[in-house]
Amino acid sequence: MTPLKIYDTYTREIRPFEPVNAPFVGIYVCGPTVYGHPHLGHARGPVVFDVLHRFLVHKGYKVRFVRNVTDVGHLVNDADEGEDKIAKKAKVEQLEPMEIAQFYTDSYHNMLLSMNVKPASIEPRASGHIIEQIEMIKTIIDKGFAYESNGSVYFDVLSYSKSHDYGKLSGRVIEDLIAGAGNEARELEGQDEKKNANDFALWKKAGPEHIMQWPSPWSNGFPGWHIECSAMSRKYLGDTFDIHGGGMDLLFPHHESEIAQSMACTGHQPARYWMHHNMITVNGQKMAKSLNNGISIDEFFSGNHHLLEKAYSPMTLKFFILQAHYRGTLDFSNTALQASEKGLNRLLTAEDTLQSIKTGNSSDIHIGELAQKLENALNEDLNTPILIAELFDVVTKINQLASGQLNISESDLSELRKLYSTYVFDILGLKKESEASSEKIQGVMQLLIDLRQEAKQDKNYALSDTIRKKLSEIGIELKDGKEGTSFTIN
RNA sequence: GGUCGGAUGGCCGAGUGGCUAGGCACGGGUCUGCAAAACCCUCUACAGCGGUUCGAAUCCGCUUCCGACCUCCA
């Protein structure tokens, strides 16, 4: 098998993937902050890293895939004085904070489930790892890279940058950060407690209004923005693991800070490869809560949003995401979505066609060559659009086989079926969405189809067309083919 | 203001210094009582201006436009 190559944001180059300890692979992906329903943008990361996950498994690696849930720790810095994001919402809705977290975690899981994303091996919650975070903070203080101030603990960026390269991942220069150009009038809470404006919180002392707080050596409070990922990735994957993933918007300060924390604590780079997927945009702009241009997943699947011409299925969204390379921005539009919908249908129809091909003695299909092409596509930094293009070429071949323009042997056909479903279902993780029709429905439909057939034979087209039309109105499409009539339920 | 990235045919989106993905739409066709679906064929683009080169959409420079990050963010 030819090796996978991936683009590493840290070194800004494409490198062959070499696990620390093959065949084991450790992946950590930053999950959501569960304070709202997931929107379209939230779907991209899970889909991209799911393909990575599945492809590595396909290549024979034993993967431990960790995706966290952030249920504490992210500060709000608008309006009030840095309340915990989740605690703030809880007050508004008069609910327990953990109730909120659970509610939106479930919502997130529903999205993953509907999009056929494999569950993570471990899904740690920040609130369940307060002790690990405190321990890590202690070590960082001991090593002289953090200091306590008025019950809070801050990471000492200046001190750290004397011996380490703070800013390398995100391409930032420490001097520029200190100069803080363009960052005027940004009043973060406790700014005066810091030695330097760029120092970030490892632990924050909580006021009495904070519902989520824990005891620590420094104060009753809560962990800072970035420490959870460092603590949890270390706990489950070790000081240095293979791949750390997330959205590009997390590059700075989140991932930059993670590196600093881990280096300060363990002396090791936390991850060998940093993978960042790009954003989904609407009219060229990032979909973000603050821009108010978000389409929630529920709205997307129900079509209930002014930007949507219709409802789109989870697989349509997945295919739409997969048709673009993960490092490029992906612009939302109805026409693009509808193109994906049809393309996906073509891909899945071919899988059916594949089941009814007649075999011969000769074979025009070179399975080995084909398999290599498909694998090579993903080997090149997970190039799913190329893979999909190759698969469409296979679709054309499948159709030619079905129409007798090409021949295939029994064994090659069996191989082709396996290969096709491996890539479409196992690696891309697509699935057929047509409702699993019960036997009773099947029976009723067959009855209608037979009755309509009789009408057609009697040249009673008015009746046969009425049957077709009425069924269409309730979302059942009849398709008259050579082999008889079939139906689909929308 | 700083840093980084991008401009590809009607739309979405790959990609390589020469052999010019793929999907969708459009157009034509097969099939059909008619449709729909499905299938086949067709459509040749790389922001502008310079430069390097035998040859550039692909490398370099400039210009214009767009975006991301610098603040919670997938």
Side-chain angles (χ1 to χ4, degrees), chain A residues 12 29-33 35-36 38-49 70 73-78 82 85 167 170-173 175-177 179-184 186-188 225 245-254 276-281 284-291 294 319-320 323-325 327-347 349-350 352-353 377 380 383-393 395-396 399-400 402-403 405 456 459 461 464-465 468-469 472 477-482 485-488:
Chain A
R12 288 162 201 269
V29 175
C30 289
T33 303
Y35 67 103
H39 61 69
L40 218 45
H42 288 108
R44 194 168 192 187
V47 166
V48 165
F49 292 112
T70 299
H74 282 231
L75 303 174
V76 215
N77 64 318
D78 53 344
K85 223 173 208 174
S170 55
R172 249 150 265 257
V173 183
E175 286 75 19
D176 293 347
L177 287 171
N183 286 353
E184 74 287 338
R186 187 154 289 151
E187 289 296 322
L188 279 166
W225 318 349
M248 276 185 185
D249 49 354
L250 296 179
L251 224 38
F252 190 90
H254 187 59
H276 294 273
H277 65 84
N278 217 132
M279 305 289 104
I280 289 181
T281 57
Q285 277 202 304
K286 183 173 83 161
M287 194 174 285
K289 226 172 177 121
S290 53
L291 293 172
F319 193 65
F320 173 67
Q323 272 189 299
H325 185 75
R327 282 194 285 117
T329 53
L330 178 57
D331 199 50
F332 160 88
S333 77
N334 281 284
T335 45
L337 257 322
Q338 279 156 36
S340 290
E341 191 170 53
K342 296 198 174 168
L344 172 64
N345 186 43
R346 181 172 158 84
L347 216 55
T349 303
D352 288 336
T353 309
E380 294 300 319
N383 200 323
T384 52
I386 296 277
L387 172 63
I388 289 169
E390 298 289 359
L391 284 172
F392 276 118
D393 284 345
V395 169
T396 303
N399 290 329
Q400 285 169 339
S403 68
Q405 287 173 263
K456 280 167 72 175
K459 299 225 189 294
Y461 295 125
S464 68
D465 287 354
R468 186 170 66 197
K469 185 159 167 276
S472 171
E477 297 295 335
L478 291 183
K479 298 170 187 174
D480 295 333
K482 274 182 189 163
T485 302
S486 61
F487 68 97
T488 55

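As the structure is a prediction and not an experimental result, all values here were calculated from the model. These numbers come from the heavy atoms of this one structure, side chains and all, not from hydrogens, waters or symmetry mates. Throughout, protein chains are lettered first and strands after them, A, B, ... in sequence-line order, and every chain is numbered starting at 1.
Checked by atom type and distance alone, the side chain of A/S472 never pairs as donor or acceptor with a backbone atom of A/R468 at under 3.5 Å.
Rounded to an integer number of Å, the gap from A/L330 CG to B/rG23 C1' is 14 Å. Going from atom NE2 of A/H276 over to atom P of B/rC4 covers 17 Å, rounded to whole Å. Spacing between atom CZ of A/R12 and atom P of B/rU3 amounts to 13 Å, rounded to whole angstrom units. Taking atom CZ of residue A/R327 and atom P of nucleotide B/rG6, one finds them 9 Å apart after rounding to whole Å. Rounded to whole angstrom, the span from the CZ atom of A/F332 across to the C1' atom of B/rG13 amounts to 16 Å. The distance between atom NE2 of A/H325 and atom C1' of B/rA14, rounded to the nearest whole Å, is 10 Å. Rounded to an integer number of Å, the gap from A/F487 CZ to B/rA36 P is 21 Å. When rounded to the nearest whole Å, the span between CD1 of A/I386 and P of B/rG13 equals 15 Å.
With both ends at atom C1', the span from B/rC43 to B/rG50 equals 32 Å, rounded to whole Å. B/rG6 and B/rU58 have their P atoms separated by 13 Å, given to the nearest Å. As rounded to the nearest Å, B/rC39 and B/rA25 have P atoms that lie 11 Å from one another. Comparing the same atom, P, in B/rG29 and in B/rG22 gives a spacing of 24 Å after rounding to whole Å. Across the P atoms, B/rA37 and B/rG27 are found 13 Å apart, a figure rounded to whole Å. For B/rG61 and B/rU20, the P atoms lie 29 Å apart once the distance is rounded to whole Å. Straight-line distance between the C1' atoms of B/rU71 and B/rC60: roughly 37 Å, to the nearest whole Å. For B/rG67 and B/rG13, the P atoms lie 16 Å apart once the distance is rounded to whole Å.
Closest to the side chain of A/R468, out of B/rC34, B/rA36, B/rA74, is B/rC34. Proximity note for A/P385 (side chain, C-beta onward) versus B/rA74, B/rC12, B/rG13: the nearest is B/rG13. Distance from the side chain of A/R44 is smallest to B/rA74 among B/rA74, B/rC12, B/rA38. Comparing B/rC70, B/rA74, B/rG15 by their closest approach to the side chain of A/R172 singles out B/rC70. Nearest nucleotide to the side chain of A/K479, out of B/rA74, B/rA14, B/rA36: B/rA36. Checked against B/rA68, B/rA14, B/rA74, the side chain of A/Q285 finds its nearest nucleotide in B/rA68. With distances taken from any side-chain atom of A/K456 to the nucleotides B/rG33, B/rA74, B/rG22, the minimum falls on B/rG33. Comparing B/rG23, B/rG33, B/rC70 by their nearest atom to the side chain of A/A339 picks out B/rG23.
For the OP1/OP2 pair of B/rC40 and a distance below 4.0 Å, the side-chain nitrogens and oxygens of A/N399 include at least one atom meeting the criterion. Phosphate contact (OP1/OP2 of B/rA37, side-chain N/O of A/N345, threshold under 4.0 Å): absent. Considering only side-chain N and O atoms, A/K342 lies nowhere under 4.0 angstrom from the phosphate OP1 or OP2 of B/rG23. A sub-4.0 Å separation between OP1 or OP2 of B/rC39 and a side-chain N or O of A/R346 is present.
Looking at heavy-atom distances under 4.0 Å, A/A389 makes contact with a base. Base engagement by A/G41 is indicated by at least one non-hydrogen atom pair under 4.0 Å involving a base atom. No contact: A/G45 has no heavy atom under 4.0 Å from any strand. Within the 4.0 angstrom heavy-atom criterion, no nucleotide atom of any strand lies near A/S403. If you check every strand for non-hydrogen atoms under 4.0 Å, A/F392 touches sugar and phosphate atoms only. No contact: A/K459 has no heavy atom under 4.0 Å from any strand. Within the nucleic acid shown, A/L250 comes within 4.0 Å of sugar-phosphate atoms alone, with no base atom in reach, counting heavy atoms only.
Shown here for A/R12 and A/S170, the closest heavy-atom pair between the two residues is NH2-C, 3.7 Å. Nearest heavy atoms, A/H276 versus A/R327: O-CG, 3.7 Å. Listed here is the closest heavy atom pair of A/L40 and A/I280: O-CD1, 3.6 Å. Of all heavy-atom pairs between A/R44 and A/M279, the closest is NH1-O, 3.1 Å. What you find for A/F320 and A/A336 is that their closest heavy atoms are CE1-CB, 3.8 Å. Looking at every heavy atom in both residues, A/I386 comes nearest to A/A377 through CG2-CB, 3.6 Å.
The partner of B/rC4, taking Watson-Crick or G-U wobble pairs whose two distances both stay under 3.5 Å, is B/rG67. Using the Watson-Crick or G-U wobble rule with both distances under 3.5 Å, B/rC19 pairs with nothing in any strand shown. Summarising the base pairing, B/rC46 is matched to no nucleotide, lacking a Watson-Crick or G-U wobble pair whose two defining distances lie under 3.5 Å. Across every strand in view, B/rU52 sits unpaired, with no contact that passes the Watson-Crick or G-U test at under 3.5 angstrom. In this structure B/rU30 sits in a base pair with B/rA38, meeting the Watson-Crick or G-U test at under 3.5 Å.
Interface remark: the A/D465 side chain does form a donor-acceptor pair with the B/rG33 base, using a distance-only criterion of under 3.5 Å. Between the side chain of A/D480 and the base of B/rA35 there is at least one donor-acceptor pair of N/O atoms closer than 3.5 Å.
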